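Side-chain atoms are counted along with the backbone in the values below, which use heavy atoms only and exclude waters and symmetry mates. Note that the structure is predicted; figures quoted are calculated from it, not measured.
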2 protein chains.
Amino acid sequence: MRSRGGGARGVRITDVAAAAGVAAMTVSRVINTPERVAAATAARVRAAIAELGYVPNLLAGGLSSRRSRMIAAIVPTIAHPMFAALVDSFTDALREAGYQVMLSISGYAPGREDALVRALLGRRPDGLLLTGTEHSPATRQIVAEAGVPVVEIFDAGTPIDMLVGFDHAEIGAAVAEYFLAQGHRQFAVFAAGDMRALARRRGFAERVARAGCVLVGDPVLPAPSTIIAGREALRALLPALGERTALFCSSDLLAFGAIVEARAHGLGVPERLAVCGFGNFELGAASDPPFTTVTVEAARIGEIAAEMLLARLRPGAGRAPGAGAVRIPFGIRARASS
Amino acid sequence: MRSRGGGARGVRITDVAAAAGVAAMTVSRVINTPERVAAATAARVRAAIAELGYVPNLLAGGLSSRRSRMIAAIVPTIAHPMFAALVDSFTDALREAGYQVMLSISGYAPGREDALVRALLGRRPDGLLLTGTEHSPATRQIVAEAGVPVVEIFDAGTPIDMLVGFDHAEIGAAVAEYFLAQGHRQFAVFAAGDMRALARRRGFAERVARAGCVLVGDPVLPAPSTIIAGREALRALLPALGERTALFCSSDLLAFGAIVEARAHGLGVPERLAVCGFGNFELGAASDPPFTTVTVEAARIGEIAAEMLLARLRPGAGRAPGAGAVRIPFGIRARASS
DNA sequence: TTGAAAGCGCTAACAA
DNA sequence: TTGTTAGCGCTTTCAA
């Protein structure tokens, strides 16, 4: 008879053990390391498990084994198709390995990450995924003290532990390069106000300056990006536009909005306004005209991040050195807009 | 000295207690029920917590208290803006109340839910969110035995426990009604192959039939919806189109694709083809022409679902009867496409 | 208001 | 291959 809790609440491992005529430890082995149990015994135990409808308590298991089989993840949003794809592939890869993801959405407001990290670490996750490489000193310290593998995504820089992403400034520069090779001399850039979009903007602006050209406009728009923000930014840009301008948008949503607004004003795309977006959303191919965009395999980032964590979590892995930072390639998908 | 584990790994509640010169139980009270601790004592304990960087182990707390403060949620996708908004508001509302959401993405393949539910229940969540009201008998049974509050979302029907959503067939009928009131006599419907999109299609088709009109096309497309699927479906529909057709699409993505394709073929919208989508994505307002759509406050569903669970989880709540099912209103947002 | 004892359900470590 | 023992770190319960 138990002294706490109520009546017949919940089947425990000892109930299964009693039903199968074995010790609790044997039931545990059937579940976790079946290769160490005789086939006949395992069959008896499995029958008892099915019979009783036993669902192992992973809270208890995690406490005892010091492995919670949970991974904590913090992303700024899931409304953005890139992050949605990334989260999807990440959770999928981990679920197949028996890990559950605890997802937290930080938004683009700074300072929120600290509280989230604290709350998540209380669940004793076996690993951690963070977005970007910019974190407060407090976050860095608490994460370091937790002693779990950490993978940062979607950015380049100096990682806390492991990293999979790309250099946003480099992407901006590559888009500028692409436009320059087409003979463009006048430029503009629309960017959302988050760290990574701003890095793309900076890379673009620097390459343009280095070519001796000028930006006729480089507004910073609210994060996350919207179509309407792109429309409004283009409307504001109209007076500054010359013969022919090449516009880089930090998101395909902004690019789509810019094109819609350009057409509404009779501004030819690409004759008067060449456009390149970022993200390769489905929208870009269905736009009229379809627009050029930067492609990044977001789902691949999620997969690789999961693999990196799993490699660290395999028994006897340790801090595998060298697996530190993975660069994901990007490309420019040229379409009729440029 | 501890017999298991390694060296100085992790600050425990007893470490804080020793540093503050109190019992472990007092530290626990400072964290969970501070109103039951003298102010001076609490201050001393808080100082020790900060000093040592103590992060309470919620796995241990959950095991002991039988309250994990986790909520498990299963949605088919987060790539869909409606579900993204819903998940966002749901996790937000619960986080504020101290609960963490374990999110699982089931996809649209049937049969996946069973395994997910089992895996999630092993974490002993305090509550459960499921999408839709169609579940396998196995899922229903295991959920019922778990004895946790369950809220089903995004559908109408007979709930396992609680429900917040809307009747998809009713929405389809309302759209048909809207078109009929405009004098339309010829109809078509594009629907993704998931349960809820098919229910909207059915409601639409039945209302059309009741008015003595016919559908010139009602293809079922792969779930989740895409723009390209809408384009292709419209191309296939072209030969069947009469003077003037009213098209209902189960998603704004399909509607956008249909409009793009219609324009590419010189088919006037709304003169030859009237279009209504579903979801009120930002895309619908930026489309040329902007299109009519069904609006549903997805974020509100997430909030209400969270509130329902929290109400059940408050001490001494019990199975509050009457709070069973909440209907979320929907509307038709008329734009130039119809 | 505070503390002591007991145990939540499981698994690591060791023994047979 | 299987079993026994002793906790994992916290909170419930009861007592002071």
Side-chain angles (χ1 to χ4, degrees), chain A residues 1-18 20-45 49 52 54-69 98 121-124 126 146 315-316, chain B residues 1-18 20-45 49 52 54-69 121-124 126 146 315:
Chain A
M1 193 181 122
R2 278 165 292 132
S3 70
R4 286 211 298 185
R9 273 215 148 298
V11 179
R12 301 186 304 291
I13 198 169
T14 48
D15 301 326
V16 176
V22 297
M25 196 56 225
T26 300
V27 178
S28 174
R29 289 199 186 96
V30 169
I31 293 165
N32 299 303
T33 53
E35 69 279 7
R36 293 190 196 171
V37 180
T41 313
R44 238 168 50 239
V45 170
I49 287 173
L52 299 175
Y54 172 58
V55 179
N57 185 330
L58 299 179
L59 252 45
L63 178 61
S64 183
S65 66
R66 295 155 173 276
R67 299 190 315 141
S68 64
R69 296 199 156 272
L121 288 180
R123 312 271 175 200
R124 295 299 185 267
D126 294 335
Chain B
M1 192 182 123
R2 278 165 292 133
S3 70
R4 285 210 299 185
R9 272 215 147 300
V11 178
R12 302 188 302 293
I13 198 169
T14 48
D15 300 326
V16 175
V22 298
M25 197 51 227
T26 300
V27 178
S28 175
R29 288 200 187 95
V30 169
I31 293 165
N32 299 303
T33 52
E35 69 279 6
R36 292 190 196 170
V37 181
T41 313
R44 236 165 56 237
V45 169
I49 287 175
L52 299 175
Y54 172 58
V55 179
N57 185 329
L58 300 178
L59 251 46
L63 177 61
S64 185
S65 67
R66 295 153 172 278
R67 300 190 315 141
S68 64
R69 295 199 158 271
L121 288 179
R123 311 268 174 201
R124 295 300 187 266
D126 294 335

Strictly under 3.5 Å: I want the nitrogen or oxygen pairs between protein and nucleotides 2-5 of chain D, one per line.
unit_1, atom_1, unit_2, atom_2, d
D/dT2, OP1, A/Thr41, OG1, 2.3
D/dT2, OP2, A/Ala38, N, 2.8
D/dG3, OP2, A/Ala23, N, 2.9
D/dG3, OP2, A/Thr26, OG1, 2.5
D/dG3, N7, A/Arg29, NH1, 3.4
D/dG3, O6, A/Arg29, NH2, 2.6

Nearest whole angstrom, please: distance from the [atom2] of [N] to the [atom1] of [X].
| X | N | atom1 | atom2 | value |
| --- | --- | --- | --- | --- |
| B/Ile13 | C/dT2 | CD1 | C1' | 14 Å |
| A/Arg67 | C/dA12 | CZ | P | 7 Å |
| A/Leu59 | D/dC8 | CG | P | 17 Å |
| A/Arg12 | C/dC10 | CZ | P | 8 Å |
| A/Arg69 | C/dG9 | CZ | P | 21 Å |
| B/Ile31 | D/dT11 | CD1 | P | 7 Å |
| A/Asn57 | C/dC8 | CG | C1' | 8 Å |
| B/Leu63 | C/dT11 | CG | C1' | 12 Å |

Looking at every non-hydrogen atom in both residues, tell me the closest pair between A/Gly98 and B/Arg123 and how far apart they are.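 In terms of heavy atoms, the two residues are closest at O-NH2, 4.0 Å.
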Shortest non-hydrogen separation from B/Ala23 to B/Ala17 and the atoms involved: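 Result for this residue pair: C-CB, 3.7 Å.
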Does a side-chain N or O of B/Arg124 approach OP1 or OP2 of C/dG9 to a distance below 4.0 Å, or not? no
Can you find a side chain N or O atom of B/Asn32 that sits less than 4.0 Å from OP1 or OP2 on D/dT11? yes
hbond_proxy B/Ser64 side chain to C/dG7 base (donor-acceptor, 3.5 Å cutoff):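 A donor-acceptor contact between them is present.
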Tell me the bend of the helix from C/dT1-D/dA16 to C/dA16-D/dT1 as the angle between end helix axes, each from five pairs, rounded to the nearest 10 degrees. 20°
Just verifying a value: how many Å separate A/Arg67 CZ and A/Leu58 CG, rounded to the nearest 0.5 Å? 11.0 Å
From A/Ser64 OG over to A/Asn57 CG, what is the distance, rounded to the nearest 0.5 angstrom?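 Result: 11.5 Å between the selected atoms.
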Do the side chain of B/Arg124 and the main chain of B/Leu121 share a donor and acceptor less than 3.5 angstrom apart?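 Answer holds: yes.
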Residues in salt bridge (charged side-chain N to carboxylate O under 4.0 Å, His left out) with B/Asp126, at least two apart? none
Are A/Val22 and A/Arg44 close enough, and set up right, to give a side-chain contact (heavy atoms from CB on, under 4.5 Å), and what steps lead you there? CA-CA 9 Å; A/Val22 297; A/Arg44 238 168 50 239; 3.5 Å; yes
Counting only pairs under 3.5 Å, give me each side-chain donor-acceptor contact of residues 26-41 of chain B, with atom names and distances, residues two or more places apart or in other chains.
unit_1, atom_1, unit_2, atom_2, d
B/Ser28, OG, B/Asn32, ND2, 3.4
B/Asn32, ND2, B/Ser28, O, 3.1

In a check of side-chain contact (heavy atoms from CB on, under 4.5 Å) between A/Tyr54 and each of A/Val45, A/Ile13, A/Asp15, which one passes? A/Ile13
